[in-house]
There are 2 protein chains.
Amino acid sequence: MSVASARAERSRLSATDWEQAALDVIAEQGVAAVAVEPLARRLGVTKGSFYWHFGTRDELLEATLRRWEQADAGALIAQVDRIADPRERLLELFRRTSREMRSHVIYSALLKALDHPAVRPVMQRVSQRRIQYLSLAYRALGLSRRDATHRSRLAYGAYVGFLQLMLLLKLERMTAEEFEAYVDHVVATLIPARGSVQPAAD
Amino acid sequence: MSVASARAERSRLSATDWEQAALDVIAEQGVAAVAVEPLARRLGVTKGSFYWHFGTRDELLEATLRRWEQADAGALIAQVDRIADPRERLLELFRRTSREMRSHVIYSALLKALDHPAVRPVMQRVSQRRIQYLSLAYRALGLSRRDATHRSRLAYGAYVGFLQLMLLLKLERMTAEEFEAYVDHVVATLIPARGSVQPAAD
DNA sequence: GCCTGTCAATACGCTACCGTATGGATATGA
DNA sequence: TCATATCCATACGGTAGCGTATTGACAGGC
């Protein structure tokens with residue numbers, strides 16, 4: 001089923017359709033590839049349609065990012081947050097992060113477009129929020145305020161860096177077992193062993 | 001002293017001048033901003049000059065990256081490599097990495113342009129080499145082959161990720177002391193304590 | 001059955017960049 | 001001194017994208 005024929009069935013497009021397509025393009029080719037005319041071609045339509053739904057290209061971008069931020073970006077944390085034990089929660093967070101791709105691909109693509117004024121604030125909020133969440137979990141694990149802050153930054157930095165080295169550099173494609181072993185090492189290194197921390201006083 | 005007047009003194013440009021300017025632009029605005037006409041303006045010259053020195057824009061990019069790879073990219077390792085004790089070597093590597101900016105800015109800018117066919121292989125080589133170096137140091141510290149591989153990836157990933165969060169996201173501008181404290185935390189977390197590892201058999 | 005609002009096609013002008021062609025300037029050395 | 005090699009300016013044609021203006025198609029409410 002070609003793009004154009006898909007369109008023939010749906011007949012008309014909504015703003016949401018454009019945002020959805022824009023997010024796909026971000027995942028596949030990055031923010032810079034979100035261009036009106038290519039997008040229109042992709043949807044089997046001309047830009048005459050686009051400029052009915054949006055005023056400018058940047059408006060589309062902003063709408064797309066807004067949608068991403070509130071729909072996708074917080075999904076993982078929401079799932080894991082039910083786990084009571086902080087160590088299990090962190091562990092599960094690390095583990096889940098290591099599955100699923102698309103969400104990371106998008107995050108990584110946005111990371112490469114931080115110079116864009118519409119992208120930066122969104123990424124700031126999302127990243128801050130996640131680091132904050134990590135920090136709280138570390139805190140609950142018994143780390144001091146300082147250590148929790150530092151460790152959460154380190155952990156999140158490791159996540160972000162791994163994304164680059166993996167998805168984008170394709171440093172080498174690891175096997176599934178190799179990857180599991182790596183995640184285990186990360187967990188062992190970045191999550192304090194059970195009973196190794198006594199609650200800090202601060 | 002304006003760009004144009006600087007040019008009036010040097011009078012004529014060499015290919016190296018163009019590569020140098022290109023690297024500056026990469027550091028300031030990323031790979032995508034390396035464009036012939038803007039570069040010419042920056043150098044107080046027209047593109048008539050450029051196309052005498054280079055055949056295409058991509059040729060300039062490749063030459064620039066080639067120069068960067070062999071001149072700048074290995075500088076840090078070369079300095080640190082004289083240190084005999086592996087733990088001190090790693091420590092000094094981490095510490096030095098946390099000073100100086102420009103080299104990291106460039107590395108980070110190149111990271112954002114990995115889709116470009118001229119950039120990817122360069123970054124692969126440079127990153128591989130560095131991770132390899134880290135791994136060897138960890139090995140010398142007594143870690144097993146597996147652990148050294150994993151730990152070096154983790155450490156380098158943390159470096160790369162921190163670059164993004166810092167230089168590009170400007171998550172918050174840390175003070176110098178805050179930053180020192182963070183580096184100390186990283187060192188304590190990612191470099192095994194002295195005497196905590198007994199040489200592995202593998 | 002037609003009017004109106006909704007979505008889309010077409011055609012246009014504009015900007016920024018790439019790459020080519022050709023001639024001009026300048027320094028150097030024979 | 002003048003010839004050649006080196007470096008640069010100018011002018012041109014081409015592409016890809018943005019945004020606007022105008023008209024067309026069609027469905028639903030009246």
Side-chain angles (χ1 to χ4, degrees), chain A residues 2-22 24-26 28-65 109 112-113 115-119, chain B residues 2-22 24-26 28-65 109 112-113 115-119:
Chain A
S2 77
V3 181
S5 67
R7 157 149 169 56
E9 290 157 18
R10 306 240 256 87
S11 205
R12 295 175 97 109
L13 270 51
S14 71
T16 311
D17 292 326
W18 287 94
E19 295 166 15
Q20 196 46 56
D24 290 343
V25 168
I26 288 176
E28 292 164 17
Q29 319 179 55
V31 173
V34 177
V36 175
E37 280 153 322
L39 256 182
R41 285 194 287 275
R42 185 190 177 99
L43 289 171
V45 117
T46 70
K47 63 181 172 174
S49 165
F50 176 85
Y51 284 102
W52 192 89
H53 294 288
F54 299 92
T56 72
R57 187 214 104 137
D58 275 7
E59 239 175 61
L60 167 65
L61 235 190
E62 281 163 28
T64 303
L65 294 178
K112 299 204 292 178
D115 4 284
H116 194 293
V119 174
Chain B
S2 76
V3 181
S5 67
R7 156 147 169 58
E9 290 157 18
R10 307 241 258 86
S11 204
R12 297 179 97 125
L13 270 48
S14 70
T16 310
D17 292 326
W18 286 93
E19 295 165 16
Q20 197 46 56
D24 290 343
V25 169
I26 288 176
E28 292 164 16
Q29 319 179 53
V31 173
V34 177
V36 177
E37 280 154 322
L39 257 181
R41 285 194 288 275
R42 185 190 178 101
L43 289 170
V45 114
T46 69
K47 64 182 172 172
S49 165
F50 176 86
Y51 284 103
W52 193 89
H53 293 287
F54 298 92
T56 71
R57 188 213 103 138
D58 275 7
E59 238 175 63
L60 167 65
L61 234 189
E62 282 164 27
T64 303
L65 295 178
K112 299 204 292 179
D115 5 283
H116 193 292
V119 174

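Both backbone and side-chain heavy atoms feed into the values below; hydrogens, waters and symmetry mates do not. Since the structure is predicted, the reported quantities are computational estimates derived from the model, not experimental observations. Quick note on labels: first sequence line is chain A, next is B, and so on, each numbered from 1.
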Side chain proximity check, [X] to [Y], heavy atoms < 4.5 angstrom:
X	Y	answer
A/H116	A/L61	yes
B/T64	B/V34	no
B/V45	B/W18	yes

Could you check how far [atom1] of [X] sits from [atom2] of [N], rounded to whole Å?
X	N	atom1	atom2	answer
A/Y51	C/dC14	OH	P	16 Å
B/L43	D/dA9	CG	P	11 Å
A/F54	C/dA8	CZ	C1'	15 Å
B/W52	C/dA21	CH2	C1'	17 Å
A/L60	D/dG17	CG	P	15 Å

Locate the shortest heavy-atom distance separating [X] from [Y]; write the atom from each residue and the value.
X	Y	result
A/L39	A/A21	CD2-CB, 3.7 Å
B/Q29	B/A33	CB-CB, 3.6 Å
A/A109	A/I26	CB-O, 3.4 Å
A/A113	A/V119	O-CB, 3.4 Å
B/H53	B/A15	ND1-N, 3.6 Å
A/A118	A/E62	CB-CG, 3.8 Å

Quiz item: According to a strict under-4.0 Å criterion, is A/H53 in side-chain N/O contact with OP1 or OP2 of C/dT6?
Solution: no
Practice problem: Check whether any side-chain N or O of A/R41 sits under 4.0 Å from OP1 or OP2 of D/dG17, and answer yes or no. | Solution: yes
Quiz item: Between NZ of A/K47 and CZ of A/R57, what distance do you get to the nearest 0.5 Å?
Solution: 14.0 Å
Quiz item: Nearest 0.5 Å, what's the CD-OH distance between A/E59 and A/Y51?
Solution: 10.0 Å
Practice problem: Please list, by residue number, the residues of residues 28-38 of chain B whose heavy atoms come closer than 4.0 Å to an atom of DNA chain C; answer none if no residue qualifies. | Solution: B/A35, B/V36, B/E37, B/P38
Quiz item: Mapping B/T56 and A/F50 onto DNA chain C by nearest heavy atom, which one lands closer to the 5' end?
Solution: A/F50
Quiz prompt | Terminal axis angle for the helix from C/dG1-D/dC30 to C/dA30-D/dT1, five pairs an end, nearest 10 degrees | solution = 10°
Self-check item: Closest to side chain of B/V45, choosing from C/dG19, D/dA9, C/dT10
Solution: D/dA9
Quiz item: Which one, D/dC8, C/dC12, C/dG19, comes nearest to the side chain of A/K47?
Solution: C/dC12
Sort me out a list of protein N/O and nucleotides 23-29 of chain C N/O pairs below 3.5 Å, or just none if empty.
none

